[in-house]
2 protein chains.
Amino acid sequence: MDKPQPDDLKDAGLKSTVPRLNILALFKSGQERHMSAEDVYKQLLANGDDVGLATVYRVLTQFEQAGLLVRHYFEGGKSVFELNQGKHHDHIVCLQCGHVEEFYDAAIESRQEKVATERGFAVHNHSLHIYADCVNKACPHKH
Amino acid sequence: MDKPQPDDLKDAGLKSTVPRLNILALFKSGQERHMSAEDVYKQLLANGDDVGLATVYRVLTQFEQAGLLVRHYFEGGKSVFELNQGKHHDHIVCLQCGHVEEFYDAAIESRQEKVATERGFAVHNHSLHIYADCVNKACPHKH
DNA sequence: TTTGAAGATGATAATGGTTCTCATTTGCAA
DNA sequence: TTGCAAATGAGAACCATTATCATCTTCAAA
């Protein structure tokens, strides 16, 4: 199941509409894992899909609430979305080319939980963003 | 040296002006460690200082660049500043009352560095935000 | 398959945080 | 005290995002 199924939407309690199918398809295409609303909007237009920016924002938010997408608040103001693959991970963001790399470190995860509970907090979620520079050659990553 | 010294500004290469002194004094007063531009603006007005919002934003940014303040991008859109005390730390933010608690965990820090360098990144900085609920009684924290 | 109403869309206005503009004021070295 | 570069403040401008609302779709029921 890589191609968008109307069921993905149905299961999320959302009507299966053209904009929603297109947006889900875009994320599932995997070309770009992390996209802002603007990115999605432009990509859809480039694909010839006629969609409104307001709809993109709405759908992105709905998908987030439905658990289809995960939203990230990176530095820079605009939030970025990625397909929810179930498995949590954190991010390294290249300050030069904007490339986002994902990682998961069990030790970090467990220490976080420990720190929070020790202080009487019930963890909801967390975000760990490492801002760095791609070190080798001229940014091995895209753009 | 807890009261604002003109030298703090001089050392940062900034002219010693009334708004800058007031803003620095506010942070050094320690009443509120984490404040948004709006928070600072309102507090200054409440103190009887006549300042413009634009100036607050400008000064906050200058202080950040000068290393006097540290800026945080918590969820919620607006950035928050705190006095730079030299020692890095991360944050737990209560989703109910907005209370911010600081912590430092050496294990987490070193694992982060490891993860990043392993992937060919030169770490610039990072942000680790744990979003949680104060677990005991009705939010032991303020507001 | 047609139909109708709830729900979705999209153009645009509105919002909220932040930055820019520019005329006026201030800090400070000479 | 003076002169000017730097700083300030009021308001316009900006940008990402959300709200409004008239029109258009989806989909279940007939």
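Chain identifiers are assigned alphabetically (A, B, ...) following the order of the sequence lines, protein sequences preceding nucleic acid strands; residue numbering begins at 1 within each chain.
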Minimum-distance nucleotide (side-chain atoms of B:Val59 versus D:dT8, C:dT9, D:dG9): D:dT8
Residue A:Ala54, side-chain atoms from C-beta onward, closest of C:dT18, D:dT17, C:dA11: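 Comparing C:dT18, D:dT17, C:dA11 against the side chain of A:Ala54, the answer is C:dA11.
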I want to check something: taking the side chain as every heavy atom from C-beta on, are [X] and [Y] in contact at a cut-off of under 4.5 Å?
X	Y	result
A:Glu109	A:His126	yes
B:Leu128	B:Ile108	yes
B:Phe63	B:Phe81	no
B:Phe121	A:Ile130	no

Watson-Crick or G-U pairs under 3.5 Å in DNA chain C, rendered as dot-bracket with [ ] for crossing pairs and | for another strand: ||||||||||||||||||||||||||||||
Contact under 4.0 Å: B:Tyr57 side-chain N or O vs C:dT18 OP1/OP2: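 True: B:Tyr57 side-chain N/O within range (under 4.0 Å) of C:dT18 OP1/OP2.
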Protein-nucleotide distance ([X], atom [atom1]; [N], atom [atom2]), rounded to Å:
X	N	atom1	atom2	answer
B:Tyr73	C:dT18	OH	P	9 Å
A:Leu9	C:dG7	CG	C1'	14 Å
B:Leu53	D:dT8	CG	C1'	13 Å
B:Arg58	C:dT25	CZ	C1'	12 Å

Side-chain donor or acceptor of A:Arg119 paired with backbone N/O of B:Glu102 under 3.5 Å: yes
Pairwise 5' ranking along DNA chain C for A:Arg20 and B:Arg71, keeping only the more 5' one: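 Looking at DNA chain C, the more 5' nearest nucleotide goes with A:Arg20.
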Sugar-phosphate or base contact per nucleotide [nucleotides 25-30 of chain D; S, B, -; heavy atom under 4.0 Å]: -BS---
B:Asp50 vs A:Lys78, nearer the 5' end of DNA chain D by closest nucleotide: B:Asp50
Sugar-phosphate only, base, or nothing, as touched by B:Ser36 at under 4.0 Å among non-hydrogen atoms: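 Nothing, no nucleic acid heavy atom in range.
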Aromatic centroids of B:Phe74 and B:His91 separated by under 6.0 Å: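 B:His91 vs B:Phe74: aromatic centres under 6.0 Å.
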